[in-house]
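Here the structure is laid out as structure tokens; the discussion comes afterwards.
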Amino acid sequence: MTEVVVVDSPDSASSLAAELILSKVRTKPALRLGVATGATPVSLYRRMAVLAKQFGIDLGELQAYALDEYVGLEPGSPQSFRHFLEEHFIEVLGLDSNCLVVPSGDVGTIATAGDHFEKAIRDTGGIDCQILGIGSNGHIGFNEPGSSLGSRTRVKTLTENTRRDNAAYFSQPEDVPVHCISQGIGTILEARALVMLAFGDKKAEAVASAVEGPISASCPASAIQLHPHATVILDEGAASRLEQLRYYKFVWENKPDWQSWRLS
Ligand code: F6R
């Protein structure tokens with residue numbers, strides 16, 4: 001069963017997710033971490049920095065793999081996901097930028113960029129833990145509705161919905177690229193563990209479809225139900241449409257100590 005954890009605020013959710021990830025770094029300092037961009041994981045990365053310091057967890061061997069990138073932005077563009085991750089992940093956690101691998105959105109090499117990125121993941125032994133957000137249309141990475149559940153890293157065309165959701169990062173909505181390169185759903189499912197975060201009512205419907213709906217390309221995030229180690233950490237707003245909400249809370253309250261990933 002997908003582990004669903006519902007807490008009172010985005011801050012508590014970020015804290016819990018940070019504990020889950022850092023408990024994995026404790027066991028495996030050279031953890032391969034899949035990192036997401038967007039508003040959702042920003043406080044998670046900040047919380048990881050605070051807790052790593054507090055618990056003396058060394059992040060120096062961490063390797064990071066981005067989920068996706070826009071295609072066709074100028075190199076170094078502040079809207080690129082590489083730039084976002086340099087600012088909100090690498091700098092916040094005091095890491096070396098060489099530890100971060102991002103699929104290339106350079107138009108000149110785009111035909112081979114997906115294979116190249118997949119090889120980089122394979123060559124280091126695969127991603128241990130993949131952080132995910134969820135789009136209001138149910139996308140994970142930039143796997144828009146209709147994406148193949150077995151897909152690998154490749155170029156995708158963004159939906160109008162996603163371009164609108166991401167317009168705030170650009171000076172005008174038309175500047176949001178039409179194309180992106182994204183880890184496929186098949187790629188994401190190969191990570192050894194998945195940690196999905198979602199906050200606010202705006203995500204409630206997508207979350208309910210992902211966790212309780214049928215597994216379907218119409219809601220790409222529903223593919224996480226196929227994963228043996230998927231944890232979904234939500235605030236009350238994002239959890240508000242879940243039918244089994246009371247049960248998930250009961251499971252969490254009665255989680256045995258020996259199954260816990262809390263830091264101490
Ligand atoms: C980010 C990504 C997307 C976002 C999703 C939610 O790398 O691939 O799937 O996780 O669009 O975005 P926010 O967090 O901005 O609501």
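Every heavy atom of this structure was used, including side-chain atoms; hydrogens, water molecules and symmetry mates were not. Ligands are counted one by one from 1 in listed order, and the atoms in each one are counted from 1 as well. Please read all numbers here as calculations on a predicted model, not as lab measurements. We're numbering straight along the sequence, starting at 1.
The ligand atoms of ligand 1 that sit less than 4.0 angstrom from a heavy atom of T40 are 13 (P), 14 (O), 16 (O). Short contacts between ligand 1 and K203, defined as distances under 4.0 Å to a heavy atom of the residue, involve ligand atoms 6 (C), 13 (P), 16 (O). When each atom of ligand 1 is checked for a heavy atom of A39 under 4.0 Å away, the hits are 13 (P), 14 (O), 15 (O). Which parts of ligand 1 touch G133 is read off a 4.0 Å heavy-atom cut-off, strictly below it: atoms 10 (O).
Looking at atom 5 (C) of ligand 1, its nearest protein heavy atom turns out to be H139 NE2, 3.4 Å. When hydrogens are left out, the protein atom nearest atom 3 (C) of ligand 1 is G141 O, 3.5 Å; that is the closest non-hydrogen contact. The protein heavy-atom contact nearest to atom 1 (C) of ligand 1 is T37 OG1, 3.2 Å.
Looking at A36 next to ligand 1, no N or O pair under 3.5 Å apart turns up.
The backbone of I134, and not its side chain, has at least one atom closer than 4.0 Å to an atom of ligand 1 (non-hydrogen atoms only; backbone = N, CA, C, O). Residue D68 touches ligand 1 through its side chain alone, judged by heavy-atom distances below 4.0 Å.
Considering only residues two or more places apart in sequence or on other chains, K255 meets the salt bridge (Lys or Arg N to Asp or Glu O under 4.0 Å) condition with E3.
Annotation: Q259, atom CD; neighbour count of heavy atoms from other residues, nucleotides and ligands within 6.0 Å is above 12.
Salt bridge absent: R32 and E61 never bring a charged side-chain N and a carboxylate O closer than 4.0 Å. For E19 and K24, the salt-bridge test fails: no basic side-chain N is under 4.0 Å from an acidic carboxylate O. Using a cut-off of 4.0 Å between Lys/Arg side-chain N and Asp/Glu carboxylate O, E86 and R82 are scored as salt-bridged.
Under the 3.5 Å distance criterion, with hydrogens and angles disregarded, a donor-acceptor pair is assigned to the side chains of D165 and S136.
Ring centroids of Y169 and F81 are separated by 6.0 Å or more, keeping the two rings apart.
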